[in-house]
2 protein chains.
Amino acid sequence: MLIRIETESEIPIYTQLTNQIIEGIAKGSLKSGDALPSVRAFAADLGVNMHTVNKSYHELEKKGIIQIVPKSGAVISHYDSIDDSTMNRISDQLRPYIAEALVLGVDKEKLLELVSSLISDIKTK
Amino acid sequence: MLIRIETESEIPIYTQLTNQIIEGIAKGSLKSGDALPSVRAFAADLGVNMHTVNKSYHELEKKGIIQIVPKSGAVISHYDSIDDSTMNRISDQLRPYIAEALVLGVDKEKLLELVSSLISDIKTK
DNA sequence: TATTTTGTTATAGAAAGTATAGAACAGTTT
DNA sequence: AAACTGTTCTATACTTTCTATAACAAAATA
């Protein structure tokens, strides 16, 4: 799985890593049960600090996407039915960007098209 | 227009303000041509610092949502056709949250329903 | 016209977040 | 037994967020 970190980006490195791991899972490059690299190995590979990778892993664990087994490693979780609190979190995260799009003149139809297009893009590319 | 700021939130105050102003416009409480309160008046009203409101206004201006006239005030812009770079920005903003939803088991149909529901909610509530 | 109000700019400080580095610990894996 | 693991700790540097105060010049208002 290929990860690209942009040091100059305004987006924190640990967030960039979190997002790209999530996309890797969404795409199918990473599956439930797969182990993620150790924080040390991954950090060395990416050229960043161990603690930065560690922070990303804990962010992913907080989201319910991976499970961290102390002194062992991180494994991608199995997802069954989504609970209400998680659904609400996703809704709260999306809301400001949906509102912004509406204000800037993107109507419901175009917005749904955009989301459909994004889903396809994430699953393939 | 009613604004609620949560000091304890992890979301910066200026971002909370930006998002709520955007929702006010999306809902129709604020229209193109309307003037926003002065940074001083708004800050006093919200109990925050003048520079915090100022930062929010400049964020809104960067998004193309308002226009700031130096020494005069801030006015809500008129929106015609959306340009490609703005559309790309919105797409980039949405992408990680769409990916996260997919990973957590929200399928395309449920995701489109969620977006539809959010649009209705933003426009009314 | 004189006063008030406006956004802007500057300085300053406190607190939190981001990222790095090095080291040590104890449990897991090989 | 040795290597590897996530965890924890200390430390430093930089950026971001938020507040506070002050001054400036242009716009709006009385």
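These figures come from a predicted structure and were not determined experimentally. A note on names: the letters A, B, ... follow the listed sequences, proteins ahead of strands, and every chain is numbered from 1. Both backbone and side-chain heavy atoms feed into the values below; hydrogens, waters and symmetry mates do not.
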Do A/T7 and A/V48 touch side chain to side chain, with heavy atoms closer than 4.5 Å?
no
Where do N or O atoms of nucleotides 8-10 of chain D meet protein N or O atoms at under 3.5 Å, pair by pair?
unit_1	atom_1	unit_2	atom_2	d
D/dT8	O4	A/H51	NE2	3.2
D/dC9	N4	A/H51	NE2	3.1

What bend angle does the helix from C/dT1-D/dA30 to C/dT30-D/dA1 show across its length, from five-pair end axes and to the nearest 10 degrees?
40°
First and last nucleotide of DNA chain C touching chain B, 5' to 3', heavy-atom cut-off 4.0 Å?
C/dT6 to C/dA10
Could you tell me whether the side chain of A/L112 reaches within less than 4.5 Å of the side chain of A/V115, counting heavy atoms only?
no
Sub-4.5 Å side-chain heavy-atom contact between B/L17 and B/E59
no
Between B/I25 and B/I22, is there a side-chain heavy-atom distance shorter than 4.5 Å?
no
Specify the separation, in whole Å, of atom CG of A/N49 and atom P of D/dT7.
15 Å
Determine whether A/K31 and A/I76 make a side-chain contact, defined as any pair of heavy atoms from C-beta on separated by less than 4.5 Å.
no
Please list residues of residues 38-48 of chain A whose heavy atoms come under 4.0 Å from any atom in DNA chain D, ordered by number; otherwise none.
A/S38, A/V39, A/R40
Under 3.5 Å, which N/O atoms of the protein pair with N/O atoms of nucleotides 12-17 of chain D?
unit_1	atom_1	unit_2	atom_2	d
D/dT17	OP1	B/Y14	OH	2.6
D/dT17	OP2	B/Y14	OH	3.2
D/dT17	OP2	B/K55	NZ	2.7

Close side-chain approach of A/D107 and A/K110, heavy atoms under 4.5 Å:
yes
A side-chain contact here means heavy atoms from C-beta on lying under 4.5 Å apart; do A/N19 and B/R95 qualify?
no
If you count the non-hydrogen atoms of other residues, nucleotides and ligands that lie under 6.0 Å from CD in B/E61, is the total more than 12?
yes
So, A/Q16 side chain and A/I11 main chain: donor-acceptor pair closer than 3.5 Å or not?
yes
Can A/L36 and A/L30 be said to form a side chain to side chain contact (heavy atoms under 4.5 Å, CB included), step by step?
CA-CA 9 Å; A/L36 289 176; A/L30 299 169; 4.2 Å; yes
Tell me whether B/S91 contacts the main-chain N or O of B/M87 through its side chain, where contact means a donor paired with an acceptor under 3.5 Å.
no
Taking everything shown except B/K63 itself, do over 12 heavy atoms lie less than 6.0 Å from its NZ?
yes
Any side-chain heavy atom of B/D45 within less than 4.5 Å of one from B/P37?
no
Go through residues 69-77 of chain A and report each residue with a non-hydrogen atom lying under 4.0 Å from DNA chain C, sorted by number.
A/K71, A/S72
Does atom CD of A/E8 have more than 12 heavy-atom neighbours from other groups under 6.0 Å away?
yes
Parallel, tilted or perpendicular: which one describes the rings of A/Y97 and B/Y97, with boundaries at 30° and 60°?
parallel
Will you find, in the side chains of A/T52 and A/N49, an N or O donor that is under 3.5 Å from an N or O acceptor?
no
Between A/L104 and B/R89, does a side chain to side chain contact (heavy atoms under 4.5 Å, CB included) hold up when you go through it step by step?
CA-CA 12 Å; A/L104 291 174; B/R89 197 194 68 217; 3.6 Å; yes
